[in-house]
Protein chains: 2
Amino acid sequence: MDVPTLLDAPQDCRQVSEVLNRVGDKWTMQVVVALRDQPRRFNDLKRQVGGISQQMLTRTLKTLERDGMVERTVCPTTPPQVEYALTAFGRSLSVPVRELARWARANLATIHDNRRRYDSKR
Amino acid sequence: MDVPTLLDAPQDCRQVSEVLNRVGDKWTMQVVVALRDQPRRFNDLKRQVGGISQQMLTRTLKTLERDGMVERTVCPTTPPQVEYALTAFGRSLSVPVRELARWARANLATIHDNRRRYDSKR
DNA sequence: CGGGATCCAGTAGGATACTG
DNA sequence: CAGTATCCTACTGGATCCCG
């Protein structure tokens with residue numbers, strides 16, 4: 001049941017923390033998921049991810065592009081069209097994240113319950 | 001290859017983002033991993049997780065306890081002894097996280113490479 | 001349409017000193 | 001030993017206006 005070759009060394013923990021910290025911001029995974037099935041343009045993406053501002057969408061996409069997770073394609077027409085697509089690398093990340101998604105769906109309610117119980121105790 | 005029942009609905013994305021946001025801070029997973037094999041006391045834990053301040057360790061442990069991931073046991077001796085242990089719930093989280101750890105180990109270098117290439121281009 | 005440039009509030013993270 | 005209290009800085013996220 002244990003996987004002793006993983007997470008044993010301290011640097012492993014730091015690597016995991018770094019990746020979690022990277023993809024654990026408010027919008028990154030929602031944008032990645034919105035791009036999962038097909039490439040999308042900026043405002044299309046903005047509609048797909050409800051509640052995000054252009055500012056944050058721009059920042060999130062730029063960071064994803066910098067990390068090689070998203071490819072940005074510009075068609076120099078008027079008005080300009082910019083398409084964003086997940087790269088293979090970006091797609092590979094969504095595999096382990098999907099496992100975490102399964103856990104999140106199953107256990108998020110428990111977390112909220114635990115918090116309410118803890119908070120009501122004092 | 002697709003798992004269409006997961007990550008399709010927008011609320012799924014938000015749940016994943018919420019969990020990632022929760023465990024994606026700087027210290028949470030490092031503390032969880034440090035507690036994986038056996039319970040530990042405060043300063044023991046502080047040594048195990050290198051570089052963390054008492055302040056942040058206290059905060060991280062309290063949040064983990066609130067979420068039901070860690071159990072806190074006080075032995076009222078002098079000096080006081082407080083032991084922290086992962087709960088079964090906390091342990092269950094480490095399963096999907098271990099998958100992410102695998103990905104992190106395999107791909108973190110690629111991320112750093114992508115960033116250097118992106119930054120050198122402009 | 002797809003951003004860039006500013007400004008601003010809130011939170012995360014850290015250093016240090018003190019306490020039961 | 002195991003925290004609490006305080007203070008400070010940096011970054012995240014958001015709103016708004018402007019521009020090619």
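Everything numeric in this text was worked out from a predicted model, so none of it was measured. Lettering of chains follows the sequences in order, A, B, ..., and the numbering in each one begins at 1.
Listed candidates were dG3(D), dG13(C), dG2(C). Nearest to the side chain of Asp25(B) is dG13(C). Looking at the side chain of Pro80(A), the nearest of the listed nucleotides dA2(D), dG20(D), dC1(D) is dG20(D). Here the nucleotide nearest the side chain of Met56(A), chosen from dC1(C), dG13(D), dG4(C), is dG13(D).
Phosphate contact (OP1/OP2 of dC1(D), side-chain N/O of Tyr84(B), threshold under 4.0 Å): absent. The phosphate of dG2(C) has OP1 or OP2 within less than 4.0 Å of a side-chain N or O from Arg41(A). Side-chain nitrogen and oxygen atoms of Lys26(A) include at least one within less than 4.0 Å of the OP1 or OP2 phosphate oxygen of dG14(D). Contact between the side-chain N/O atoms of Trp27(A) and the OP1/OP2 oxygens of dT12(D) is not found at any separation under 4.0 Å.
The residue among Arg47(B) and Arg59(B) whose nearest nucleotide of DNA chain D lies closer to the 5′ end is Arg47(B). Along DNA chain C, the nucleotide nearest to Asn43(A) and the one nearest to Asn21(A) differ in position, and the one closer to the 5' end is contacted by Asn43(A). Where Gln55(A) and Gln81(A) meet DNA chain C, the nucleotide closest to each residue was compared, and Gln81(A) sits on the side nearer the 5' end.
Atoms CG (Leu57(B)) and C1' (dT4(D)) sit 14 Å apart, rounded to a whole Å. In this structure, CG of Leu61(B) is placed 16 Å from P of dC1(D), rounded to the nearest angstrom. A straight line from CD of Gln54(B) to P of dC1(D) spans 12 Å, rounded to a whole angstrom. The NZ atom of Lys46(A) sits 11 Å away from the P atom of dC1(C) (whole-angstrom rounding). One interatomic measurement links the two molecules: CD1 of Ile52(A) to C1' of dG14(D), which rounds to 11 Å at whole-angstrom precision. The nearest whole Å value for the distance from the CZ atom in Arg22(B) to the C1' atom in dT11(C) is 15 Å. Between the CZ atom of Arg40(B) and the P atom of dC1(D) there is a distance of 16 Å, given to the nearest Å. Here the P atom of nucleotide dC1(D) and the CD atom of Glu83(B) are 15 Å apart, to the nearest Å.
The environment of CD in Glu71(B) is sparse: at most 12 heavy-atom neighbours from other residues, nucleotides or ligands sit within 6.0 Å.
Here Lys62(B) lies in heavy-atom contact (under 4.0 Å) with sugar-phosphate atoms only. Nucleic acid contact class of Ser53(B) (heavy atoms, under 4.0 Å, all strands): none.
Residues Leu61(A) and Leu45(A) have side chains in contact (heavy-atom distance under 4.5 Å, counting atoms from C-beta outward). With contacts defined as side-chain heavy-atom distances shorter than 4.5 Å, the pair Leu57(A)/Trp27(A) does not qualify.
Judged by distance alone, the side chain of Ser94(A) and the main-chain N or O of Arg91(A) form a donor-acceptor pair under 3.5 Å.
For the residue pair Asn107(A) / Thr110(A), no side-chain donor-acceptor distance below 3.5 Å is found, with atom types taken as modelled.
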